[in-house]
Amino acid sequence: MTDGSTGSPHGVRQGRWWFTAGWVAMGRGLAMFGLGLLAVFLAWFALSAMSLVLMGVGLFLVPPMVAAVRWSAQVQRRMTAASGVEITSPYRGAPPVPGGWLGAWRRCRVLFTDSSTWRDLLWAQVAVTVGGLLAIIPFGMLAHGVFGLLLPLIWEPVVTAWDGSWYLFIPLRDHDDAVMAAVLGFVEIPVGLFVAPYVLRVHARLTHSLLAPTRQSRMSARVQHPAGPGTDLVDSSGAEIGRS
């Protein structure tokens, strides 16, 4: 595709193995939520390093912290591909720079002017909020269903601890209510397993909107790595763009 992604026709096709696919999708969702937690901390460290650039020390902290955020984004791209949506890496090659303060400043300038840097930082915030909550919905349904199955055994301490407790739309007042909650929990578990791959597909689309290469980055990549006739002309045009 021209948007930096390809969709697999088997992304959400479960067939008779929906039960196994559901467990696998739940595991991926939990892994994505954990990755989101890690990514948001890395993003905060990267932003903190950026705030120290004018003090000098940030010049040497920004490149490794941005590299760590990019690593987490690359892991997310690989995990997203398992849901049937492949995302091409948008990063452009780093130009050679000298050592010392001048080289550190040039490396930071390249990172600051690369749109993928800011898109990765934005993704990190979404990965642990909207994306993270979306990824763990199926597991949440599983855990809630198991809780419902246990209610006939533990309904009294639950009601004592939380007066006016409900399980979905069932008020918990006595053992009969707890049994009805267990029936709902029994239904909720397979529903969560069934919808898990579809929820991850929605998560994959959200991730694609944040981490896929922009049109500008794709054009820049074509300028840097031309193919076919006219290569020399494009090379010279790319050099002019880099000097402007």
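Judged purely by distance below 3.5 Å, without hydrogens or angles, the side chains of Arg70 and Thr117 pair a donor atom with an acceptor atom.
Put simply, OG on Ser115 and CG on Leu122 are 12.0 Å apart, with the number rounded to the nearest 0.5 Å. Distance check: Leu210 CG to Leu121 CG gives 12.0 Å after rounding to the nearest 0.5 Å. Remark: Leu35 CG to Arg78 CZ distance equals 9.5 Å, nearest 0.5 Å. Between the CG atom of Leu59 and the CG atom of Leu102 there is a distance of 10.5 Å, given to the nearest 0.5 Å. Atom CG of Leu149 is separated from atom CG of Leu184 by 10.5 Å, given to the nearest 0.5 angstrom. Taking NE2 from His203 and CZ from Phe33, the interatomic distance works out to 10.5 Å, rounded to the nearest 0.5 Å.
The two residues Cys108 and Val62 make their nearest non-hydrogen contact at SG-CB, 3.8 Å. Across every non-hydrogen atom of Leu38 and Trp71, the tightest pair is CD2-CZ3, 3.7 Å. Looking at every heavy atom in both residues, Ala196 comes nearest to Gly22 through CB-O, 3.8 Å. Counting all heavy atoms, side chain and backbone alike, Ser116 lies closest to Pro90 at CB-CG, 3.9 Å. The minimum heavy-atom distance linking Phe112 with Trp118 is given by the pair O-NE1, 2.8 Å. Contact between Leu172 and Ala181 at its shortest, heavy atoms only, is CD2-CB, 4.2 Å.
Side-chain atoms of Leu168 and His144, non-hydrogen and from C-beta on, do get closer than 4.5 Å to each other. Considering only heavy atoms from C-beta on, Arg205 stays 4.5 Å or farther from Val202 through its side chain. At least one side-chain heavy atom of Leu200 sits under 4.5 Å from a side-chain heavy atom of Met32. In this structure, Leu206 and Ser209 have side chains that are in contact, with non-hydrogen atoms separated by less than 4.5 Å.
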*May I have the step-by-step check of side chain to side chain contact (heavy atoms under 4.5 Å, CB included) for Trp44 and Met65, ending in yes or no?*
CA-CA 9 Å; Trp44 291 343; Met65 292 313 307; over 6 Å; no
*Hey, mind stepping through Met50 and Leu111 against side chain to side chain contact (heavy atoms under 4.5 Å, CB included) and telling me if it holds?*
CA-CA 10 Å; Met50 290 176 180; Leu111 293 174; over 6 Å; no
*asked:* If you apply the rule side chain to side chain contact (heavy atoms under 4.5 Å, CB included), what do you find for Thr207 with Val85, and how did you get there?
replied: CA-CA 9 Å; Thr207 302; Val85 178; over 6 Å; no
*side-chain hydrogen bond (donor to acceptor under 3.5 Å, both in side chains) assessment of Ser72 paired with Gln76*: CA-CA 6 Å; Ser72 64; Gln76 178 65 78; over 6 Å; no
_Test log, rule side chain to side chain contact (heavy atoms under 4.5 Å, CB included), inputs Val199 and Leu134_ = CA-CA 7 Å; Val199 172; Leu134 184 64; 3.9 Å; yes
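By the criterion of side-chain heavy atoms lying less than 4.5 angstrom apart, applied directly or through intervening Ile, Leu, Val, Met, Phe, Trp or Tyr residues, Met141 is grouped together with Phe186 in one hydrophobic cluster. Val146 and Met26 fall within the same hydrophobic cluster, where Ile, Leu, Val, Met, Phe, Trp and Tyr residues are linked whenever their side-chain heavy atoms come under 4.5 Å apart, directly or through other members. Hydrophobic cluster membership differs between Phe45 and Leu52, with clusters built from Ile, Leu, Val, Met, Phe, Trp and Tyr side chains linked at under 4.5 angstrom. Cluster annotation: Val191 is connected to Phe194 through the hydrophobic network of ILVMFWY side chains, with a link wherever side-chain heavy atoms come within less than 4.5 Å. Ile189 and Phe169 end up in the same hydrophobic cluster when Ile, Leu, Val, Met, Phe, Trp and Tyr side chains are linked at under 4.5 Å.
A salt bridge links Asp120 to Arg77: one of the charged nitrogens lies within less than 4.0 Å of a carboxylate oxygen.
The environment of Phe139 atom CZ is sparse: at most 12 non-hydrogen atoms of other residues, nucleotides or ligands sit within 6.0 angstrom.
One N or O on the side chain of Arg119 and one on the backbone of Ala212 form a donor-acceptor pair closer than 3.5 Å. Between the side chain of Trp123 and the backbone N or O of His208 there is no donor-acceptor pair closer than 3.5 Å.
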